[in-house]
Structures are given as C-alpha cells and as structure tokens.
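Scroll down for the structure; my scribbles are underneath it.
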Amino acid sequence: MSAGDWGFDTRAIHVGQEPDEATGAITVPIHLATTFVQAAPGQHQGFEYARTSNPTRVALEQCVAGLERAEHGLAFASGMAAEDALVGMMRPGDHVILGTDAYGGTFRLIDRVYGERGIEWSAVDMANLDALAAAIRPETRQVWVETPTNPMLAVVDIEAVADAAHASGVDVVVDNTFATPYLQNPLELGADVVVHSSTKYLGGHSDVVGGFIAVNRDDLAERLSFVQNAVGAVPSPFDCYLLLRGVKTLGVRMDRHCDNAQAVAEYLAGHPAVERVLFPGLPDHPGHEVATRQMRRPGGMVSFIHGGGEAAAMAAVSATRVFRLAESLGAVESLIEQPSTMTHMSVADSPLAVDPGLVRLSVGIETIDDLLADLEQALG
Ligand code: P1T
C-alpha cells in the first residue's frame, strides 16, 4: 500500500515524516543549519542553502501536499506571503477577479499593494456565475475564491467557477483556510491553486504564523518555487516543526470543531437577539446544498447578525469569557470578533464592506456546554 492510498489521518501523521535516517528519531528534527556541505560544487545530498530548501520544511511541504492531494507543496512565512507569491505572478495591466466577500488582508494586498503596480480587480458575487462570466476580460489572469468565505460563510461552487474560468483560460485560486484539506480538496474539484493561511487550522494552536500553496501543475510549481527562493518569504525550521506537529491532529480537531460549531449555530438560530445565523450546516443556508456536495462537513466557523446592530454586536463580543475577543481563527480555543472593526477594517467603503452588526465566531474544541453557557450569558 502506497502513501497515496492511506487515509487522511495516516497521511497527516506519516507523509514526508520517515524516521530520521541517522538516529531513528520518530519526529522530524528541526534542522537549523543555514547551509549544507558539498563534496564538489553542485555535489550535495539535496540541500544547498536553507532559504532555497530545508529538510524540516520539505517534510511539511510533502505532508500538506499529501493532504491536499497535490503533486507540489510550498510553505511560506505567512498566508499573506503565499498570496503575494500568487498575485505577484501577474503583470501591470493584468486583471484579477475576487469575491464580494474575502479576508480583508487579501483585498488589501490586491487593491493597495498591487493596485499601485497596475493590477486591476473586480469583485463579483461568486454564487452568480453569469456575473462571473461577464466580469472576465481578455486581461483576466486569476479568479480568487474563498469558500466558505471570511466572514460571511458563503459557499462557492468550486467546480462551476473552475469551468467558467477555464473556458476563458483563467486560473482559479482557492483559499482553503476555512475548510482545510480535511473537509474539502479544491484541486480535485478543478482549482489550479490552493492557498492557505496555515496560521489557522493547520497549525491549530495559535502559536505559529505560516502560509502554504498546493498545486498539481508543474509550470505553476516551477514558477512559485522560483519566487519562494528568489523573494525568500520562507518559514523558519521551528515554525515548520510546529506546523507538522499541528497537522498530525488536524482530523480529530476538525471533527470536534465541526460538532461544536453545529451545536453553536443551532443554539444561535433559536436565540431572540440573533437576526440571522450564517453557517453552511443549517438547512436554510443558501450554500447548504453546495456545501453538502463539495465539503465533507460544514466547518468550525459560525457568523451571525446581531438583531441590535453595531452597538449590540460590540457589547456581545466584549462580554464573552470562554470565547476570547481576538482576531484570527482555527485554533483549539474559541474566538469571537466583530469583523467590521477588526479583521475586515480594510474593506470599509469597498464592494466587500461588512455589516457592523456582524459577529464572527471561531468555535474551538472546548466542552460544548461551556461554549453555549458563555454565549447565553453574553447575549442575555
Ligand atoms: O494571517 P496570515 O497567515 O498572513 O493569513 C492571511 C489570511 C489568508 N486567508 C484567509 C482566509 C485568512 O483568514 C487569513 C487571515 N485571517 C485572519 C487573521 C482573520 O482573523 O480572519
């Protein structure tokens, strides 16, 4: 049986992680060496200089690529560094399409950093395939998809978007941060690129910032690995170790995140202070049918619109105790935030602007009764 036939959890624990040949160590060593000795110029054991390649990083790259069912994996110093490598492949005059709902930092990178360098963008509701097709121009190079989206938890049909984009020769990038490879494999649904903020569920413990790109196409892998080395936004060996350690339990953590999120969403749906719950696991969610088809489970993120508007949302996020008020998501501890003043401040006054009454929950893996009791006392 080859590693490719293994189940998800076996791949998470073993792919790229053979016991150390020199010592038999069961976990991948943190290789701190910045350079590797050569017998003669160019004659080495696969490693030359640690920015270019590092054994701890290679283990992580093979492991996460294995989880995404990808031929190639590339680790970066942050999710934004990974995104920068992708947007940076475009030239002045090129055009990119993103959703009307996306992480604020992704919008900021495309609009503020690359906008100044002549890259143009349009924002489209990705559920509307006619609008997507109409937005594609001869200069369009990439379509960026988040699904579920941050922070509205809309679900985008990856296969349908890939068909529409590919009909015009446009590449599809899917940010798989919210779903993780445990719940969704975009490359198998036709995406060209998967990008992650590994700071979130992949790491899972709020102690490492990282990014990841997974691709099957050799041309993309070659270009991106050139950029990874040439620009040098690479993770440290210690960060790679932390990520490898986190990924080993991704499957068991995600199952608990999903159980807890479903219970939290159902609780909020029955709460009089809540105007609307946004969670793909609820049957009345507009993306429920697509989510059921393309995701194994609906995930660990839940958002809701507070019936009392901005002031009530502010009060609620400040009143929880088990849910900590903080940016970020995807770790063992539950977090709560108000996107319009926190993670999504940079989309204000843009087509991606967020309702100030919106509250986002990253549901952790604590005891569910404690999470529900905390929401009960905070929402009143
Ligand atoms: O923070 P960093 O590792 O650089 O990743 C950026 C990023 C990319 N994509 C998505 C979907 C994200 O959610 C993020 C980071 N998001 C938060 C910090 C947040 O609280 O939403």
Side-chain angles (χ1 to χ4, degrees), residues 60 64 68 74-88 96 98-113 126 142 144-156 158 173-181 183-184 186 191 193-214 231 233-236 239-240 242-243 246-247 257 278 280 295 299-303 317 323-331 333-347 352 354 358-364:
L60 173 67
V64 178
E68 284 290 3
L74 298 109
F76 288 83
S78 67
M80 294 317 305
E83 293 192 5
D84 179 67
L86 291 163
V87 183
V96 53
L98 73 162
T100 43
D101 183 23
Y103 171 54
T106 302
F107 174 72
R108 184 174 55 196
L109 177 74
I110 290 173
D111 178 47
R112 300 273 300 281
V113 178
M126 294 279 173
Q142 298 177 351
W144 278 66
V145 174
E146 267 180 29
T147 182
T149 59
N150 181 2
M152 297 297 284
L153 297 169
V155 175
V156 178
I158 296 172
V173 177
V174 174
D175 186 328
N176 207 25
T177 300
F178 272 36
T180 83
L183 301 179
Q184 169 176 286
V193 178
V194 165
V195 64
H196 278 280
S197 167
S198 15
T199 317
K200 311 299 184 313
Y201 290 105
L202 296 182
H205 296 76
S206 301
D207 56 8
V208 57
V209 172
F212 202 87
I213 296 175
V231 176
V234 292
S236 76
D239 287 354
C240 294
L242 285 175
L243 282 164
V247 160
H257 282 296
L278 311 169
M295 298 176 77
M301 299 296 295
V302 180
S303 292
V317 301
F323 281 88
R324 303 286 186 186
L325 175 58
E327 304 197 4
S328 202
L329 60 109
E333 59 280 312
S334 291
L335 300 179
I336 191 165
E337 66 127 3
Q338 190 201 22
S340 64
T341 55
M342 296 173 70
T343 50
H344 288 69
M345 233 163 68
S346 54
V347 300
L352 285 75
V354 176
L358 183 76
V359 173
R360 189 188 77 180
L361 303 172
S362 172
V363 183

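Every heavy atom of this structure was used, including side-chain atoms; hydrogens, water molecules and symmetry mates were not. Whatever order the structure lists them in is the order used to number ligands and atoms, beginning at 1. Keep in mind that this is a model prediction, so the values were computed, not measured.
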* Numbering the atoms of ligand 1 from 1, which are under 4.0 Å from a heavy atom of Thr199? -> 2 (P), 3 (O)
* Can you list the atoms of ligand 1 that are under 4.0 Å from a heavy atom of Arg360? -> 19 (C), 20 (O), 21 (O)
Tell me whether [X] has any N or O atom under 3.5 angstrom from an N or O of ligand 1.
X	value
Asp175	yes
Glu327	no
Thr343	no
Phe178	no

* Which residues share a side-chain hydrogen bond (donor to acceptor under 3.5 Å, both in side chains) with Ser206, sequence neighbours left out ->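 Ser206: side-chain hydrogen bond (donor to acceptor under 3.5 Å, both in side chains) contacts with Glu333.
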* Asked: If hydrogens are left out, which of Lys200, Met80, His344, Glu146 has an atom nearest to atom 1 (O) of ligand 1, that is, the closest non-hydrogen atom?
  ->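 The nearest heavy atom belongs to Lys200.
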Give the residue, atom name and distance (to 0.1 Å) of the protein heavy atom nearest [atom].
atom	result
atom 13 (O) of ligand 1	Asn150 ND2, 3.0 Å
atom 8 (C) of ligand 1	Glu83 OE2, 3.3 Å
atom 12 (C) of ligand 1	Tyr103 CG, 3.6 Å

Spacing of [X] atom [atom1] and [Y] atom [atom2] [to the nearest 0.5 Å]:
X	Y	atom1	atom2	result
His344	Asn150	NE2	CG	4.0 Å
Gln142	Ile110	CD	CD1	8.0 Å
Ser328	Met342	OG	CE	10.5 Å

Side-chain touch [X]/[Y], heavy atoms, less than 4.5 angstrom:
X	Y	answer
Met126	Thr149	no
Leu86	Val193	yes
Thr343	Pro151	no
Leu202	Pro181	yes
Glu146	Tyr103	yes

Would you check whether [X] reaches within less than 4.0 Å of ligand 1, judged by its heavy atoms?
X	result
Gly210	yes
His196	no
Gly105	no

* Under 4.0 Å from ligand 1, counting heavy atoms only, is it the side chain of Met342, its backbone, both or neither? -> neither
* Heavy-atom contacts under 4.0 Å between Val195 and ligand 1: side chain, backbone, both, or neither? -> neither
* **Short side-chain to backbone donor-acceptor contact, Ser198 and Gly210, under 3.5 Å** => yes
